[in-house]
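Data block below; observations after.
Just so we're on the same page: letters track the sequence lines, and every chain starts at 1.
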2 protein chains.
Amino acid sequence: MRDDRSVSAAERRRMTSDELTIWRSLIDTTAELRRLLGAQLLQETSLSPADYHVLLALSEARDRRLRSSELAATIDWERSRLSHHLARMERRGLIRRDDCATDNRGAEVLLTEEGATLFRAATAPHMRAVKKHFADALTPEQFVALADILQVLRDHLHPELTEKPAGGQPS
Amino acid sequence: MRDDRSVSAAERRRMTSDELTIWRSLIDTTAELRRLLGAQLLQETSLSPADYHVLLALSEARDRRLRSSELAATIDWERSRLSHHLARMERRGLIRRDDCATDNRGAEVLLTEEGATLFRAATAPHMRAVKKHFADALTPEQFVALADILQVLRDHLHPELTEKPAGGQPS
DNA sequence: CCGATGTAATTGACGTGTCAATATTGACGC
DNA sequence: GCGTCAATATTGACACGTCAATTACATCGG
């Protein structure tokens with residue numbers, strides 16, 4: 001019903017300077033939010049946002065351990081990036097890498113006690129910071145609008161993943 | 001009239017899991033957009049987003065030259081970051097650094113012919129890419145809503161810069 | 001069993017960003 | 001002029017990210 005808007009009309013026009021301004025504002029504002037929250041996280045917990053992301057995935061995994069490639073898939077990182085980062089985290093004692101029992105190529109990444117403790121201690125302050133600098137600024141209506149906008153942007157980026165509106169709702 | 005919303009009510013509640021989801025979606029989606037457009041820019045023009053940002057500021061400057069610190073202020077970068085990046089750009093012949101005539105401490109950064117040419121060639125493809133992956137996805141109403149949301153977020157980040165709404169409403 | 005092919009994970013090189021030192025020079029008071 | 005302090009710009013050390021090899025093992029056809 002609105003599927004064809006993005007591929008038929010409005011394709012030939014140039015981008016408005018207003019639209020460009022909003023694009024830059026989006027990039028700049030999100031960058032500033034990331035910097036602010038990242039710096040605060042690092043200062044209060046000695047964990048970088050990347051550390052936090054890895055620890056979050058590990059702490060939610062069964063037995064707090066994951067194959068390296070599953071971890072990469074979970075947080076949508078390139079393997080190489082993860083390898084480098086795990087090396088740094090291992091040096092700091094946040095995680096450990098064991099040889100995998102069922103596949104001698106593989107490694108299993110697991111949370112150390114220190115990693116788990118640091119992550120637990122980081123969660124609440126980080127949530128508070130996100131609330132303070134992001135969530136507290138917006139009205140409920142704005143949250144709805146933003147969620148809608150982000151959904152549209154993601155669908156536009158991944159047209160192949162967009163569900164056909166033909167079938168019914170899952171329960 | 002709505003100034004006190006952010007400092008009085010709603011301060012004690014915890015953040016909703018919906019709000020957290022939207023936060024993560026905002027960070028992830030903007031990151032993906034940056035990555036996609038950055039990769040495309042780099043591939044088509046051999047300019048990184050950072051290069052582009054620097055060249056944009058320089059090409060809009062009087063005589064296509066700026067004091068290093070003014071350039072840093074214009075694009076809101078730390079001086080050190082700019083120094084490092086200018087060194088890399090100078091190595092590639094995109095810019096040059098001359099001693100400043102009026103202040104022997106300073107340096108003036110200026111666009112080379114090659115830098116100017118590359119930047120001109122990069123502009124149109126980059127605009128097209130932003131339009132394709134961002135602007136074409138949103139309705140006019142969504143642009144308005146997004147601009148509003150970003151304004152609120154920026155005001156929330158910089159309360160000191162927010163104009164007093166003392167005067168009457170604009171029409 | 002063996003060789004070709006594929007997959008898991010790591011490594012090295014290099015561009016990028018931040019922070020904490022540096023020089024070096026201007027500006028100001030005396 | 002001279003000492004002090006601030007401003008300009010750079011540098012070095014290191015964390016982070018990407019890309020292109022590389023290593024080591026699994027898998028499969030024969």
Does R65(B) come within less than 4.0 Å of D63(B), counting only side-chain N to carboxylate O?
-> no
Report yes or no: does T112(B) contribute a side-chain atom to a donor-acceptor pair with the main-chain N or O of L94(B) at less than 3.5 Å?
-> yes
Check DNA chain D against residues 48-74 of chain A and give the residues with a non-hydrogen atom under 4.0 Å, in numerical order.
-> S48(A)
Length of the line joining E90(B):CD and dT10(D):C1', which is rounded to integer Å = 12 Å
Nearest whole angstrom, please: distance from the P of dG17(C) to the CG of L86(B).
-> 12 Å
Quick one: H85(A) NE2 to dT16(C) C1', roughly how many Å, whole number?
-> 16 Å
Side-chain-base donor-acceptor pair under 3.5 Å for S80(B) and dT11(D) = yes
When rounded to whole Å, the CD to P distance for the pair E108(A) and dC25(D) reads 17 Å
Would you check if T123(A) and Y52(A) make a side-chain contact, meaning some heavy-atom pair closer than 4.5 Å?
-> yes
If you pin R92(B) and E78(B) to their nearest nucleotides in DNA chain C, which one's is more 5'?
-> R92(B)
Answer whether the closest heavy-atom distance between the side chains of V109(B) and R96(B) falls below 4.5 Å.
-> no
Side chain to side chain contact (heavy atoms under 4.5 Å, CB included) between L110(A) and L58(A), worked out | CA-CA 7 Å; L110(A) 56 95; L58(A) 276 181; over 6 Å; no
Please give, in whole Å, the distance from dA9(C) C1' to D103(A) CG?
-> 10 Å
Take R67(B) and D103(B) through the side chain to side chain contact (heavy atoms under 4.5 Å, CB included) test and state the conclusion after the steps.
-> CA-CA 10 Å; R67(B) 289 289 297 272; D103(B) 186 336; 3.6 Å; yes
Decide, yes or no, whether a salt bridge links E19(A) with R13(A) under the criterion of side-chain N to carboxylate O below 4.0 Å.
-> yes
Any luck finding a side-chain donor-acceptor pair between H158(A) and E32(B) under 3.5 Å?
-> yes
Taken to the nearest whole Å, CG/D99(A) to C1'/dA24(D) is 12 Å
Taking only heavy atoms on the protein side, list every residue of residues 27-44 of chain B lying under 4.0 Å from any atom of DNA chain C, sorted numerically.
-> none
Note: E108(B)-R97(B) ion pair, threshold 4.0 Å (strictly below) = no
Tell me, with the steps shown, if D28(B) and R154(A) meet salt bridge (Lys or Arg N to Asp or Glu O under 4.0 Å).
-> CA-CA 10 Å; D28(B) 292 348; R154(A) 263 179 286 120; over 6 Å; no
Looking at N104(A), does any N or O in its side chain come under 4.0 Å of the phosphate oxygens OP1/OP2 on dA26(D)?
-> yes
Using only side-chain N and O atoms of R88(A), determine if any of them is under 4.0 Å from OP1 or OP2 of dC16(D).
-> yes
Give a yes or no on whether a donor-acceptor pair under 3.5 Å exists between the nucleobase atoms of dT18(D), that is its base, and the side chain of H84(A).
-> yes
Starting at atom CZ of R91(A), determine the distance to atom P of dT10(C), rounded to an integer number of angstrom.
-> 13 Å
Distance col, row I149(A):CD1 vs S25(B):OG, nearest 0.5 angstrom, shows 11.0 Å
Would you check if there is a donor-acceptor pair between the side chains of H85(A) and R88(A) at a distance under 3.5 Å?
-> yes
Look for any protein N or O under 3.5 Å of an N or O in nucleotides 4-7 of chain D and output each such pair with its distance, or none.
residue, atom, partner, partner atom, Å
dA7(D), N3, R105(B), NH1, 3.2

Would you mind reading off the distance between R81(B) atom CZ and dT11(D) atom P, rounded to a whole angstrom?
-> 18 Å
